[in-house]
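Reviewing the structure listed below.
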Amino acid sequence: MSTYNFQSIEDKWQAKWAESKIYRSEIDSTKPKFYALDMFPYPSGAGLHVGHPLGYIASDIVSRYKRLNGYNVLHPMGFDAFGLPAEQYAIQTGQHPKVTTEINLKKYKEQLNRIGFSYDWEREVQTTDPSYYKWTQWIFIQLFESWYNEKTDRAERIDSLISIFEIEGNINVVHKGDQTASFTASEWENKTAHEKEGILQNYRLAFQKETTVNWCEELGTVLANDEVKDGLSERGGFPVTQKLMKQWYVRITAYADRLLSGLNQIEWSDSIKETQRNWIGKSIGARLRFNTKNANQNIEVFTTRPDTIFGCTFMVLAPDHPMVESITTSKQRDAIESYVKIANNKSELERKKDKSVSGVFTGTHAIHPFTNKEIPIYISEYVLSGYGTGAIMAVPAHDERDHAFAKKFGLDIIQVIADPKEDINVLEKSYDLKDGVLMNSENFDRLNVKEGIQAIIQLAEERNFGKKEIQFKLRDAGYSRQRYWGEPFPIIYKDGIPTVDHDLPLELPDVDSYTPSGTGESPLAHNTKWVNTSSGKRETDTMPGYAGSSWYFIRFMDPKNEHTFASKESLAYWNQVDLYIGGTEHATGHLLYSRFWTKFLFDKGYLTFDEPFKKLVNQGMIQGESQLLNTGNRELHVPIEYVSKDGTLTQNKFEALQQKDSRFADINSKELFDGKKEITLRSQVEKMSKSKFNVVNPDRICEEYGADTLRLYEMFLGPIQDSKPWSTKGIDGTHRFLKKLWSLFFDMDNQPRWDEAKASQESLKTLHKTIKKITEDIDNLSLNTSVSQFMICVNELSSQNCKSRSILKDLLILLNPFAPHITEELWNLSGNEGFIGNAQWPVFEESYVIEKNKAYPISINGKTRTNMEFPLDMSKEDIESQVIQNEIVLKWLDGSPPKKVIVVPGRIVNIVV
RNA sequence: GCGGGCGUGGUGAAAUUGGUAGACACGCUAGACUUAGGAUCUAGUGCCUCACGGUGUGAAGGUUCGAGUCCUUUCGCCCGCACCA
């Protein structure tokens with residue numbers, strides 16, 4: 001057998017690799033390690049399309065390359081299988097989600113294996129496996145039993161906090177958590193167990209809180225902020241409303257600062273770092289207290305612009321601010337109440353859509369802390385209760401939103417910042433920039449904005465009505481889902497107090513129905529036998545999707561350990577993920593939660609690193625090329641398998657389609673084709689999805705061209721970071737390349753071509769150019785240009801009629817990471833021992849590529865006109881004197897002497913005329 | 001509105017970081033071999049022009065001997081965040 005029969009080659013080697021377990025990875029302290037990770041997939045029923053493996057191929061190339069360079073490589077794969085889609089599917093079909101998940105998972109694995117990845121499948125993890133989620137539950141317990149000590153700036157055991165309370169109360173405790181009234185040791189002793197737990201919940205890193213949450217009626221569950229897009233659920237696109245519920249939370253806000261600063265020490269793309277910075281949303285400002293007239297109360301506001309306080313002419317509270325009721329005067333009560341009612345009934349989506357200015361006066365005034373002027377207090381929807389203190393000091397001259405409000409309600413607008421560049425009229429338009437000097441601000445006039453902020457905070461602190469404060473947009477992450485298909489909480493309520501169930505794993509029990517109860521209770525609540533234990537009732541909510549995915553990269557290091565989530569030894573050896581490849585859609589979800597959990601486990605002394613992913617690369621999306629048929633009154637997506645390569649649809653195919661697809665059934669085929677054999681369809685690039693009938697399945701490509709061609713082609717399409725449309729047209733080029741490679745080894749009569757003769761200088765040069773380029777490209781993850789270089793290399797070796805076995809052998813090693821099957825086969829056929837994966841990466845030898853001469857481009861006024869070859873060591877002067885005598889140069893000089901001649905040795909000659 | 005990124009042939013894209021723009025492929029054109037080709041090989045292919053030559057990296061300026069690359073302005077597209085005080 002010596003023609004390129006990719007199917008039998010690929011089947012054969014995949015079986016041999018699996019049999020010989022050549023991708024098994026074990027700790028080996030004699031070798032440097034490399035941890036290459038893919039974002040593990042969520043196995044849906046649709047299977048993989050060609051877009052999914054893009055990143056997997058790239059990380060597989062790097063993994064194989066690192067192995068050839070002597071690294072001990074950890075390259076695992078697993079499945080994230082808890083969550084909504086599987087459960088929705090289970091409800092629809094009445095099957096247990098475990099069953100459907102297993103079917104999907106099997107299909108995914110088959111598809112992945114067909115592409116020839118070098119995964120160590122012995123390390124596979126599934127988030128739904130009790131031996132895995134045992135440790136997800138364990139980490140939750142660690143969070144529950146920890147608090148964040150601001151003094152040491154790390155998470156510590158809750159036991160130690162309780163000891164402090166017992167000795168001295170909470171007076172000296174500084175923590176990152178919810179505000180807590182101070183108490184002494186004896187006050188602590190006298191509290192009931194309930195009260196104590198209530199206080200501890202303000203400190204715990206996993207805690208319960210009753211708040212307004214994103215409630216999705218259709219899905220019957222609460223969603224995290226990053227699971228909601230524009231007021232609709234990310235999964236399914238159902239409306240999301242606000243609802244008051246008691247929920248579990250994890251205190252990611254305690255880590256806000258460290259999540260922000262940690263970004264500076266990891267190699268991630270600017271855009272994803274920026275997205276995380278935005279999401280964390282740190283702003284430095286001040287908390288200021290305003291007294292109210294008559295009503296003996298203080299209103300606290302958060303502002304980033306304390307320098308503008310002299311321009312504050314009114315205040316605004318969020319409609320659901322707790323003080324609204326108490327400060328509203330009887331005269332205003334009706335108006336306020338009806339406004340609050342309307343505001344509360346609005347869904348998130350309605351509220352976002354409505355940009356109109358509205359509000360109501362409470363009837364009460366506040367006292368300006370500097371001028372002692374009375375300023376009215378309003379409520380308005382434009383102030384959000386969830387940010388800052390839910391109340392603002394309004395400075396219409398320097399805030400666009402306040403300005404609009406002031407205009408509408410006829411309130412004063414006082415300019416307190418002068419624009420250094422031009423005269424401005426703040427009555428027309430607010431001046432929001434942090435650039436300028438203070439005015440109308442008594443003693444603070446002439447300070448610039450930065451100085452003004454400092455000075456006013458200082459004075460506020462001295463006079464005891466405010467202090468410097470930092471606010472984050474980042475919210476604590478909701479951790480409860482009222483659904484079945486997730487990790488159960490290891491929590492039992494004893495007399496209403498949540499206590500830890502240490503008997504792990506707490507397995508997910510069976511239930512009669514997966515349908516949400518609609519009352520906000522999880523389906524688990526139906527299983528009373530499970531819920532009611534001898535020591536109390538179990539928590540019936542389950543954990544969110546990100547619970548299992550936040551730490552899976554750790555479990556891969558030691559996936560079978562029954563005693564701990566991963567041994568100290570394996571953690572110390574495999575350490576951080578060196579290269580993580582995945583989609584950008586996880587920017588504020590998975591990637592942020594993983595960083596949070598890593599930092600937490602680091603604080604607890606379990607990890608020696610506090611950033612999980614050293615380098616992150618986001619692969620672009622592969623879009624589909626939809627084919628649209630114009631039927632006169634509408635355009636229909638034609639399934640791509642019916643469309644010819646040139647984008648036409650034949651009448652025969654169309655009629656076959658009519659039999660299968662009811663969308664086309666009532667179209668009159670004769671009228672549509674009107675005597676023509678085929679119709680040209682309109683193609684359109686859009687998301688690859690089942691609903692657009694444009695999905696290209698990698699199995700089909702493997703069948704028709706082979707996995708090696710698929711791998712090469714996906715890389716050849718362009719930089720992995722870029723999104724690009726899939727076009728099956730271009731794939732012939734990479735397939736042809738593999739055939740050309742084959743014909744370097746075997747001639748047309750299938751006879752071996754190679755010999756043991758010494759390689760020519762030319763071929764050595766081609767080879768070493770290639771070694772250099774491929775090595776650099778893989779290090780930079782510029783894999784598209786690598787494929788080009790391979791093509792150049794094979795083209796050159798072909799035209800050189802290269803037969804040197806040593807050259808061909810090195811070429812196979814270089815190409816192996818990209819096309820593992822064909823290279824393994826040729827390696828074997830051309831008489832090499834063992835697996836090619838055990839070979840050594842060829843060493844680049846500069847002497848082979850050094851040139852003696854250079855064909856200098858000779859340009860006149862920057863435009864290339866001719867080429868002249870000179871030795872590389874020729875002096876500038878000698879080159880110049882020869883160039884100005886050149887025929888073509890003389891023609892351009894047209895008799896006059898050159899103004900200037902620039903000779904850049906080894907590069908270019910430019911003549912100015 | 002703020003932030004990040006991107007605009008190069010008919011198409012996917014290269015360009016040693018300021019030095020021959022369009023490598024490598026797809027497609028297309030012509031030819032060879034072939035019973036046939038959706039196989040293989042050869043040549044050509046940015047645009048305008050018979051040609052000499054001109055022109056060309058979204059647009060307009062600028063710096064430079066020289067700009068796809070640097071600077072300024074501007075237009076368009078994609079992504080993220082968004083009454084965040």
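Convention: sequence-line order gives letters A, B, ...; per-chain numbering from 1. The structure presented is a predicted model; accordingly, all values stated were derived computationally and were not measured.
- Atom CD1 in A/I908 sits roughly 4 Å away from atom C1' in B/G19 (whole-Å rounding).
- Atom-to-atom, CD of A/Q276 to P of B/G5 comes out at 16 Å; the value is rounded to the nearest Å.
- Going from atom NZ of A/K282 over to atom P of B/A85 covers 14 Å, rounded to whole Å.
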Write out a two-atom table: protein N or O, nucleotide N or O from nucleotides 63-65 of chain B, distance below 3.5 Å.
| unit_1 | atom_1 | unit_2 | atom_2 | d |
| --- | --- | --- | --- | --- |
| B/C65 | O2' | A/N910 | ND2 | 3.0 |
| B/C65 | O2 | A/N910 | ND2 | 2.7 |

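- Under the Watson-Crick or G-U wobble criterion, with both distances below 3.5 Å, B/G19 is paired with B/C65.
- Across all strands, A/T734 comes closer than 4.0 Å to no nucleic acid atom at all (heavy-atom distances).
- Across the strands present, B/U45 finds its partner in B/G27; the criterion is a Watson-Crick or G-U wobble pair with both atom distances under 3.5 angstrom.
- Contact annotation for A/N784: backbone-only contact, meaning every heavy-atom pair under 4.0 Å involves sugar-phosphate atoms and none involves a base.
- When each of B/A85, B/U16, B/G27 is scored by its nearest atom to the side-chain atoms of A/R907, the top-ranked nucleotide is B/U16.
- When the P atom is used for both B/G62 and B/G66, the distance is 12 Å, rounded to whole Å.
- Base-pair partner of B/C81: B/G1 (Watson-Crick or G-U wobble, both distances under 3.5 Å).
- Ranking B/C83, B/A25, B/U20 by closeness to the A/R401 side chain, first place goes to B/C83.
- Across all strands, A/R736 comes closer than 4.0 Å only to sugar-phosphate atoms, never to a base (heavy-atom distances).
- Straight-line distance between the P atoms of B/G5 and B/G44: roughly 41 Å, to the nearest whole Å.
- With B/C41, B/C83, B/G19 as the candidates, the nucleotide lying closest to the side chain of A/Y382 is B/C83.
- Mapping A/T785 and A/S271 onto RNA chain B via the closest heavy atom, the residue that lands nearer the 5' end is A/S271.
- Computed from coordinates, the A/I792 CD1 to B/A25 C1' distance equals 10 Å when rounded to whole Å.
- Pairing for B/A14 is absent, judged as Watson-Crick or G-U wobble with the two contacts each under 3.5 Å.
- Nucleotide B/G12 holds its P atom 13 Å from the CZ atom of A/F716, rounded to whole Å.
- Between A/P898 and the options A/I911, A/V912, A/N910, A/V889, a side-chain contact (heavy atoms from CB on, under 4.5 Å) holds for only A/I911.
- Across all strands shown, A/S727 has no heavy atoms under 4.0 Å from either base or sugar-phosphate atoms.
- The glycosidic torsion of B/G9 lies within 90° of 0, placing the base in the syn range.
- Among the atoms of the strands shown, only primed sugar atoms or phosphate atoms (P, OP1, OP2) are found under 4.0 Å from some heavy atom of A/P719.
- Taking every side-chain heavy atom of A/Y387 into account, B/C84 is the closest of B/U20, B/G5, B/C84.
- The distance from atom CE of A/M621 to atom P of B/G12 is 16 Å, rounded to the nearest whole Å.
- Among the atoms of the strands shown, only primed sugar atoms or phosphate atoms (P, OP1, OP2) are found under 4.0 Å from some heavy atom of A/L717.
- Nucleic acid contact for A/N795: sugar-phosphate only, since backbone atoms but no base atoms lie under 4.0 Å from a heavy atom of the residue.
- The side chain of A/M791 lies closest to B/C24, out of B/G27, B/C24, B/U20.
- Rounding to whole angstrom units, CD1 of residue A/I888 and P of B/G53 are separated by 9 Å.
- Between B/C75 and B/A59, the distance separating the two P atoms is 15 Å to the nearest Å.
- Summarising the base pairing, B/U40 is matched to B/A32 through a Watson-Crick or G-U wobble pair whose two defining distances lie under 3.5 Å.
- Checking B/C6 for Watson-Crick or G-U wobble geometry (two distances, each under 3.5 Å) identifies B/G76 as its partner.
- Nucleic acid contact for A/K473: base, since at least one base atom lies under 4.0 Å from a heavy atom of the residue.
- Here A/R287 lies out of heavy-atom contact (under 4.0 Å) with every strand.
- The pairing partner recorded for B/C52 is none, the criterion being a Watson-Crick or G-U wobble arrangement whose two distances lie under 3.5 angstrom.
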